[in-house]
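Just below is one structure, and these are the notes that go with it.
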Number of protein chains: 2
Amino acid sequence: MKKASDHVAELMDSFEKVCKSKGLRITHQRTEIFRMLIQNPNHPTTEDIFNQVRKHLSTISLDTVYRTIGTFEEYGLIRKVHHIDNATRFDHNLSIHHHLVCTQCGKIEDFYWPYFDRMKPPKSISRWGEIDLKHVVIDGICSSCSKKDI
Amino acid sequence: MKKASDHVAELMDSFEKVCKSKGLRITHQRTEIFRMLIQNPNHPTTEDIFNQVRKHLSTISLDTVYRTIGTFEEYGLIRKVHHIDNATRFDHNLSIHHHLVCTQCGKIEDFYWPYFDRMKPPKSISRWGEIDLKHVVIDGICSSCSKKDI
DNA sequence: CTATGTGCAAAGTCTTTGCTCCATC
DNA sequence: GATGGAGCAAAGACTTTGCACATAG
(Lines give C-alpha, C1' and ligand atoms only; values in the text may rest on other atoms or scores of the structure.)
Protein backbone atom coordinates (compact mmCIF):
# COMPACT_ATOMS: atom_id res chain seq x y z
CA MET A 1 0.00 0.00 0.00
CA LYS A 2 1.15 3.49 -0.83
CA LYS A 3 1.83 5.94 1.93
CA ALA A 4 0.28 9.40 1.89
CA SER A 5 3.74 10.95 1.88
CA ASP A 6 4.51 9.16 -1.39
CA HIS A 7 1.48 10.76 -2.90
CA VAL A 8 2.61 14.20 -1.77
CA ALA A 9 6.07 13.54 -3.19
CA GLU A 10 4.54 12.54 -6.51
CA LEU A 11 2.44 15.68 -6.69
CA MET A 12 5.45 17.81 -5.79
CA ASP A 13 7.39 16.18 -8.61
CA SER A 14 4.69 16.88 -11.11
CA PHE A 15 4.51 20.45 -9.81
CA GLU A 16 8.20 20.90 -10.60
CA LYS A 17 7.75 19.39 -14.02
CA VAL A 18 4.88 21.72 -14.84
CA CYS A 19 6.91 24.71 -13.68
CA LYS A 20 9.92 23.71 -15.76
CA SER A 21 7.89 23.00 -18.84
CA LYS A 22 6.18 26.39 -18.60
CA GLY A 23 9.23 28.39 -17.65
CA LEU A 24 8.02 29.20 -14.14
CA ARG A 25 10.81 29.57 -11.60
CA ILE A 26 10.69 27.20 -8.69
CA THR A 27 10.95 29.39 -5.62
CA HIS A 28 10.70 28.49 -1.97
CA GLN A 29 7.49 30.43 -1.72
CA ARG A 30 5.84 28.63 -4.61
CA THR A 31 7.00 25.26 -3.40
CA GLU A 32 5.70 25.79 0.11
CA ILE A 33 2.40 27.22 -1.01
CA PHE A 34 1.84 24.32 -3.36
CA ARG A 35 2.80 21.77 -0.72
CA MET A 36 0.41 23.39 1.73
CA LEU A 37 -2.40 23.25 -0.82
CA ILE A 38 -2.03 19.56 -1.56
CA GLN A 39 -1.85 18.70 2.12
CA ASN A 40 -4.89 20.75 3.06
CA PRO A 41 -8.25 19.41 1.91
CA ASN A 42 -10.15 22.30 3.48
CA HIS A 43 -10.35 24.71 0.58
CA PRO A 44 -8.30 27.34 2.36
CA THR A 45 -8.63 31.07 1.91
CA THR A 46 -5.61 33.16 0.96
CA GLU A 47 -5.26 34.13 4.59
CA ASP A 48 -5.28 30.47 5.65
CA ILE A 49 -2.53 29.70 3.17
CA PHE A 50 -0.51 32.65 4.37
CA ASN A 51 -0.79 31.63 8.00
CA GLN A 52 0.12 28.02 7.33
CA VAL A 53 3.04 28.73 5.05
CA ARG A 54 4.40 31.36 7.39
CA LYS A 55 5.18 28.62 9.89
CA HIS A 56 7.86 27.27 7.56
CA LEU A 57 8.75 30.42 5.72
CA SER A 58 8.49 33.25 8.17
CA THR A 59 9.39 36.00 5.72
CA ILE A 60 6.60 35.34 3.22
CA SER A 61 4.17 38.18 2.59
CA LEU A 62 0.46 38.08 1.98
CA ASP A 63 0.72 39.68 -1.42
CA THR A 64 3.12 36.99 -2.54
CA VAL A 65 0.46 34.47 -1.63
CA TYR A 66 -2.07 36.38 -3.72
CA ARG A 67 0.28 36.60 -6.66
CA THR A 68 1.35 32.98 -6.42
CA ILE A 69 -2.20 31.75 -6.18
CA GLY A 70 -3.04 33.85 -9.21
CA THR A 71 -0.16 32.29 -11.11
CA PHE A 72 -1.16 28.77 -10.09
CA GLU A 73 -4.68 29.38 -11.23
CA GLU A 74 -3.53 30.83 -14.52
CA TYR A 75 -1.35 27.76 -15.13
CA GLY A 76 -4.13 25.39 -14.20
CA LEU A 77 -2.47 24.06 -11.06
CA ILE A 78 -5.39 24.94 -8.80
CA ARG A 79 -8.88 26.31 -9.13
CA LYS A 80 -10.99 28.78 -7.25
CA VAL A 81 -13.93 27.25 -5.48
CA HIS A 82 -16.78 28.36 -7.63
CA HIS A 83 -17.46 31.95 -7.21
CA ILE A 84 -18.55 34.48 -9.77
CA ASP A 85 -16.47 37.53 -9.13
CA ASN A 86 -15.78 39.71 -6.14
CA ALA A 87 -19.19 41.28 -5.84
CA THR A 88 -22.10 39.39 -4.38
CA ARG A 89 -25.02 39.03 -6.72
CA PHE A 90 -28.68 38.68 -5.88
CA ASP A 91 -31.50 36.58 -7.07
CA HIS A 92 -35.14 37.25 -6.48
CA ASN A 93 -36.12 34.00 -8.18
CA LEU A 94 -36.84 31.84 -5.17
CA SER A 95 -38.13 28.85 -7.09
CA ILE A 96 -35.74 25.95 -7.54
CA HIS A 97 -33.42 26.76 -10.38
CA HIS A 98 -29.82 26.56 -11.46
CA HIS A 99 -27.23 28.85 -12.98
CA LEU A 100 -25.35 29.11 -16.23
CA VAL A 101 -22.29 31.28 -15.77
CA CYS A 102 -20.30 32.76 -18.62
CA THR A 103 -16.67 32.60 -17.57
CA GLN A 104 -15.87 35.30 -20.09
CA CYS A 105 -18.38 38.10 -19.50
CA GLY A 106 -19.69 36.99 -16.12
CA LYS A 107 -23.31 36.83 -17.20
CA ILE A 108 -25.51 34.53 -15.14
CA GLU A 109 -28.64 32.94 -16.54
CA ASP A 110 -31.17 30.82 -14.73
CA PHE A 111 -32.25 27.45 -16.00
CA TYR A 112 -34.53 24.70 -14.78
CA TRP A 113 -33.80 21.01 -14.50
CA PRO A 114 -36.69 19.19 -12.83
CA TYR A 115 -35.19 15.76 -13.53
CA PHE A 116 -32.12 16.70 -11.52
CA ASP A 117 -34.25 18.25 -8.79
CA ARG A 118 -35.96 14.91 -8.23
CA MET A 119 -32.66 13.03 -7.94
CA LYS A 120 -31.39 11.88 -4.58
CA PRO A 121 -27.84 12.90 -3.76
CA PRO A 122 -25.30 10.06 -3.83
CA LYS A 123 -25.12 7.69 -0.87
CA SER A 124 -21.57 8.77 -0.12
CA ILE A 125 -22.80 11.96 1.48
CA SER A 126 -24.96 10.30 4.09
CA ARG A 127 -22.23 11.18 6.61
CA TRP A 128 -23.17 14.83 6.12
CA GLY A 129 -25.77 16.28 8.50
CA GLU A 130 -28.75 17.91 6.81
CA ILE A 131 -29.33 18.93 3.23
CA ASP A 132 -31.15 22.11 2.32
CA LEU A 133 -30.64 22.69 -1.32
CA LYS A 134 -28.84 21.18 -4.22
CA HIS A 135 -27.84 23.53 -6.94
CA VAL A 136 -26.06 23.10 -10.25
CA VAL A 137 -23.67 25.63 -11.68
CA ILE A 138 -22.68 25.22 -15.29
CA ASP A 139 -19.66 27.19 -16.42
CA GLY A 140 -19.16 27.93 -20.04
CA ILE A 141 -19.11 30.60 -22.67
CA CYS A 142 -22.42 32.22 -23.48
CA SER A 143 -23.64 32.42 -27.05
CA SER A 144 -22.78 36.08 -27.56
CA CYS A 145 -19.23 35.61 -26.23
CA SER A 146 -18.63 32.51 -28.33
CA LYS A 147 -19.67 34.44 -31.45
CA LYS A 148 -17.13 37.13 -30.61
CA ASP A 149 -14.36 34.54 -30.23
CA ILE A 150 -14.26 33.72 -33.91
CA MET B 1 -53.07 36.29 -21.37
CA LYS B 2 -51.51 38.04 -18.42
CA LYS B 3 -49.34 41.05 -18.99
CA ALA B 4 -45.88 41.27 -17.44
CA SER B 5 -46.94 44.39 -15.55
CA ASP B 6 -49.68 42.40 -13.81
CA HIS B 7 -47.06 39.99 -12.63
CA VAL B 8 -44.94 42.79 -11.24
CA ALA B 9 -47.99 44.25 -9.49
CA GLU B 10 -48.74 40.86 -7.95
CA LEU B 11 -45.21 40.49 -6.64
CA MET B 12 -45.26 44.01 -5.25
CA ASP B 13 -48.49 43.19 -3.44
CA SER B 14 -47.03 40.09 -1.89
CA PHE B 15 -43.95 42.10 -0.94
CA GLU B 16 -46.14 44.52 1.00
CA LYS B 17 -47.96 41.67 2.65
CA VAL B 18 -44.73 40.05 3.77
CA CYS B 19 -43.49 43.37 5.15
CA LYS B 20 -46.69 43.98 7.07
CA SER B 21 -46.83 40.48 8.46
CA LYS B 22 -43.25 40.70 9.68
CA GLY B 23 -43.41 44.26 10.95
CA LEU B 24 -41.03 45.66 8.34
CA ARG B 25 -41.72 49.25 7.40
CA ILE B 26 -42.54 49.86 3.79
CA THR B 27 -40.23 52.65 2.74
CA HIS B 28 -39.64 54.18 -0.68
CA GLN B 29 -36.15 52.76 -0.72
CA ARG B 30 -37.29 49.21 0.02
CA THR B 31 -40.12 49.41 -2.46
CA GLU B 32 -37.91 50.66 -5.27
CA ILE B 33 -35.14 48.19 -4.55
CA PHE B 34 -37.57 45.31 -4.53
CA ARG B 35 -39.26 46.49 -7.72
CA MET B 36 -35.90 46.78 -9.41
CA LEU B 37 -34.99 43.24 -8.34
CA ILE B 38 -38.12 41.64 -9.72
CA GLN B 39 -37.78 43.49 -12.99
CA ASN B 40 -34.12 42.62 -13.45
CA PRO B 41 -33.34 39.01 -14.31
CA ASN B 42 -29.59 39.66 -14.45
CA HIS B 43 -28.54 38.85 -10.90
CA PRO B 44 -27.40 42.37 -10.21
CA THR B 45 -24.61 43.37 -7.87
CA THR B 46 -25.26 45.85 -5.07
CA GLU B 47 -23.71 48.54 -7.24
CA ASP B 48 -26.06 47.65 -10.13
CA ILE B 49 -29.05 47.94 -7.84
CA PHE B 50 -27.82 51.26 -6.51
CA ASN B 51 -27.33 52.71 -9.98
CA GLN B 52 -30.70 51.55 -11.23
CA VAL B 53 -32.68 52.66 -8.20
CA ARG B 54 -30.93 56.00 -8.14
CA LYS B 55 -32.67 56.89 -11.39
CA HIS B 56 -36.00 56.99 -9.56
CA LEU B 57 -34.81 57.86 -6.10
CA SER B 58 -31.88 60.17 -6.50
CA THR B 59 -31.16 60.53 -2.78
CA ILE B 60 -30.64 56.84 -2.04
CA SER B 61 -27.26 55.85 -0.69
CA LEU B 62 -25.18 52.77 -1.35
CA ASP B 63 -25.17 51.71 2.27
CA THR B 64 -28.95 51.74 2.32
CA VAL B 65 -28.84 49.32 -0.57
CA TYR B 66 -26.48 47.08 1.38
CA ARG B 67 -28.66 47.21 4.46
CA THR B 68 -31.89 46.69 2.56
CA ILE B 69 -30.49 43.75 0.65
CA GLY B 70 -29.34 42.26 3.94
CA THR B 71 -32.82 42.67 5.37
CA PHE B 72 -34.46 41.13 2.31
CA GLU B 73 -32.15 38.16 2.50
CA GLU B 74 -32.78 37.74 6.19
CA TYR B 75 -36.55 37.76 5.59
CA GLY B 76 -36.27 35.31 2.73
CA LEU B 77 -37.34 37.76 0.02
CA ILE B 78 -34.23 37.26 -2.07
CA ARG B 79 -31.16 35.08 -2.06
CA LYS B 80 -27.51 35.58 -2.76
CA VAL B 81 -26.29 33.83 -5.85
CA HIS B 82 -24.35 30.97 -4.40
CA HIS B 83 -21.16 32.09 -2.97
CA ILE B 84 -19.42 30.90 0.15
CA ASP B 85 -18.28 33.99 1.95
CA ASN B 86 -16.26 37.01 1.10
CA ALA B 87 -12.91 35.32 0.77
CA THR B 88 -12.07 33.29 -2.28
CA ARG B 89 -11.19 29.71 -1.52
CA PHE B 90 -8.93 27.39 -3.42
CA ASP B 91 -9.05 23.84 -4.49
CA HIS B 92 -6.13 21.78 -5.66
CA ASN B 93 -8.36 18.84 -6.43
CA LEU B 94 -8.61 19.12 -10.18
CA SER B 95 -10.55 15.92 -10.71
CA ILE B 96 -14.27 16.23 -11.31
CA HIS B 97 -15.95 16.66 -7.97
CA HIS B 98 -18.66 18.60 -6.19
CA HIS B 99 -19.04 20.54 -2.98
CA LEU B 100 -20.95 20.20 0.23
CA VAL B 101 -21.14 23.53 2.00
CA CYS B 102 -22.11 23.96 5.60
CA THR B 103 -24.17 27.14 5.78
CA GLN B 104 -23.41 27.39 9.47
CA CYS B 105 -19.65 26.98 9.85
CA GLY B 106 -18.68 27.48 6.21
CA LYS B 107 -16.85 24.18 5.91
CA ILE B 108 -16.58 22.83 2.38
CA GLU B 109 -16.20 19.14 1.65
CA ASP B 110 -15.65 17.47 -1.67
CA PHE B 111 -17.81 14.63 -2.89
CA TYR B 112 -18.05 12.59 -6.04
CA TRP B 113 -21.10 11.81 -8.11
CA PRO B 114 -20.16 9.92 -11.27
CA TYR B 115 -23.78 9.27 -12.20
CA PHE B 116 -24.41 12.99 -12.35
CA ASP B 117 -21.16 13.58 -14.21
CA ARG B 118 -22.38 11.34 -17.02
CA MET B 119 -25.70 13.15 -17.33
CA LYS B 120 -26.34 15.51 -20.22
CA PRO B 121 -27.55 18.97 -19.23
CA PRO B 122 -31.21 19.66 -20.02
CA LYS B 123 -32.19 20.52 -23.58
CA SER B 124 -33.39 23.94 -22.52
CA ILE B 125 -29.82 25.20 -22.33
CA SER B 126 -28.95 24.43 -25.92
CA ARG B 127 -29.24 28.17 -26.57
CA TRP B 128 -26.14 28.65 -24.43
CA GLY B 129 -22.80 28.64 -26.22
CA GLU B 130 -20.25 26.17 -24.87
CA ILE B 131 -20.21 24.16 -21.69
CA ASP B 132 -17.03 23.58 -19.74
CA LEU B 133 -17.99 22.17 -16.45
CA LYS B 134 -21.05 21.25 -14.51
CA HIS B 135 -20.76 21.38 -10.81
CA VAL B 136 -23.15 20.64 -7.97
CA VAL B 137 -23.21 22.59 -4.74
CA ILE B 138 -25.17 21.12 -1.88
CA ASP B 139 -25.93 23.46 0.98
CA GLY B 140 -26.74 22.10 4.35
CA ILE B 141 -25.59 21.72 7.91
CA CYS B 142 -22.58 19.49 8.45
CA SER B 143 -22.73 16.69 10.98
CA SER B 144 -20.74 18.46 13.68
CA CYS B 145 -22.89 21.61 13.42
CA SER B 146 -26.12 19.64 13.52
CA LYS B 147 -24.98 17.93 16.69
CA LYS B 148 -24.35 21.31 18.30
CA ASP B 149 -27.83 22.52 17.38
CA ILE B 150 -29.61 20.22 19.79
C1' DC C 1 -45.35 60.28 19.04
C1' DT C 2 -42.03 56.54 18.86
C1' DA C 3 -38.99 53.52 17.05
C1' DT C 4 -37.37 51.82 12.82
C1' DG C 5 -34.88 53.13 8.85
C1' DT C 6 -31.92 56.39 6.12
C1' DG C 7 -27.92 59.17 4.89
C1' DC C 8 -23.40 60.48 5.85
C1' DA C 9 -18.85 59.60 6.84
C1' DA C 10 -15.50 56.75 8.46
C1' DA C 11 -13.50 52.38 9.08
C1' DG C 12 -12.90 47.45 8.08
C1' DT C 13 -11.94 43.47 4.91
C1' DC C 14 -10.08 41.43 0.99
C1' DT C 15 -7.28 42.09 -3.09
C1' DT C 16 -4.26 44.46 -6.44
C1' DT C 17 -0.30 47.18 -7.93
C1' DG C 18 4.24 49.99 -8.48
C1' DC C 19 8.73 49.89 -7.23
C1' DT C 20 13.18 48.15 -5.55
C1' DC C 21 16.02 44.45 -4.24
C1' DC C 22 16.90 39.48 -4.39
C1' DA C 23 17.31 34.69 -6.06
C1' DT C 24 16.72 31.41 -9.72
C1' DC C 25 18.23 29.83 -14.01
C1' DG D 1 24.82 38.07 -15.12
C1' DA D 2 19.90 38.70 -16.72
C1' DT D 3 15.33 38.55 -15.58
C1' DG D 4 11.45 36.91 -13.23
C1' DG D 5 9.81 36.88 -8.52
C1' DA D 6 9.46 38.56 -3.57
C1' DG D 7 8.73 42.05 -0.15
C1' DC D 8 7.11 46.49 1.15
C1' DA D 9 3.86 49.98 1.21
C1' DA D 10 0.14 52.23 -0.61
C1' DA D 11 -4.11 52.24 -2.99
C1' DG D 12 -8.38 50.09 -4.77
C1' DA D 13 -12.72 47.49 -4.50
C1' DC D 14 -16.40 45.88 -1.75
C1' DT D 15 -18.85 45.95 2.59
C1' DT D 16 -20.01 47.24 7.40
C1' DT D 17 -20.93 50.38 11.22
C1' DG D 18 -21.87 54.50 14.55
C1' DC D 19 -24.44 58.40 14.91
C1' DA D 20 -27.97 62.01 14.11
C1' DC D 21 -31.97 63.08 11.54
C1' DA D 22 -36.19 61.66 8.96
C1' DT D 23 -40.40 59.15 8.35
C1' DA D 24 -43.77 55.14 8.54
C1' DG D 25 -47.06 53.30 11.47
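We use all heavy atoms of the structure for the numbers below, so side chains are in, but hydrogens, waters and symmetry mates are not. Letters go in sequence order (proteins before strands), and every chain restarts at 1.
Taking 4.0 Å as the cut-off between side-chain N and carboxylate O, A:Arg67 and A:Asp63 count as a salt-bridged pair.
For the pair B:Lys80 and A:Phe90, the cation does not sit on the ring face, since its NZ or CZ is not both under 6.0 Å from the ring centre and inside 45° of the axis.
A straight line from CD1 of B:Ile60 to P of C:dG7 spans 6 Å, rounded to a whole angstrom. For the pair A:Ile49 CD1 and C:dC14 P, the interatomic distance rounds to 14 Å; values are reported in whole Å. A straight line from CG of A:Leu62 to C1' of C:dC14 spans 9 Å, rounded to a whole angstrom. If you measure from atom CZ of A:Phe50 to atom P of D:dC8, you get 9 Å, rounded to the nearest angstrom. When the P atom of D:dA13 is taken as reference, atom OH of A:Tyr66 falls 15 Å away, rounded to whole Å. Per the geometry, CG belonging to A:Leu57 stands 17 Å off P belonging to D:dG5, to the nearest Å. If you take CD of B:Glu16 and P of D:dA24, they are 13 Å apart, rounded to a whole angstrom. Atom CZ of A:Arg54 is separated from atom C1' of D:dA6 by 16 Å (rounded to the nearest Å).
Heavy atoms of B:Thr71 sit nowhere under 4.0 angstrom from any nucleic acid atom. Nucleic acid contact for B:Arg67: base, since at least one base atom lies under 4.0 Å from a heavy atom of the residue.
Take the nearest nucleotide of DNA chain C for B:Arg25 and for B:Asp63: the residue whose nucleotide is more 5' is B:Arg25. Comparing B:Thr27 and B:Thr46 by the nucleotide of DNA chain D that holds the closest heavy atom to each, the one mapping nearer the 5' end is B:Thr46.
Between B:Gln29 and the phosphate of D:dT23, there is no side-chain N or O to OP1/OP2 separation shorter than 4.0 Å. The phosphate of D:dG7 (OP1 or OP2) has a side-chain N or O of A:Thr64 nearer than 4.0 angstrom. For D:dG5, the OP1/OP2 oxygens have no side-chain nitrogen or oxygen of A:Thr68 closer than 4.0 Å.
No donor-acceptor contact under 3.5 angstrom links the side chains of A:Asn93 and B:His43, judged on distance only.
Among the candidates B:Leu57, B:Thr27, B:Ile69, the single residue satisfying the side-chain contact (heavy atoms from CB on, under 4.5 Å) test with B:Ile33 is B:Ile69. Of the candidates A:Lys134, A:His98, A:His97, A:His98 is the only one forming a side chain to side chain donor-acceptor pair (under 3.5 Å) with A:Asp117.
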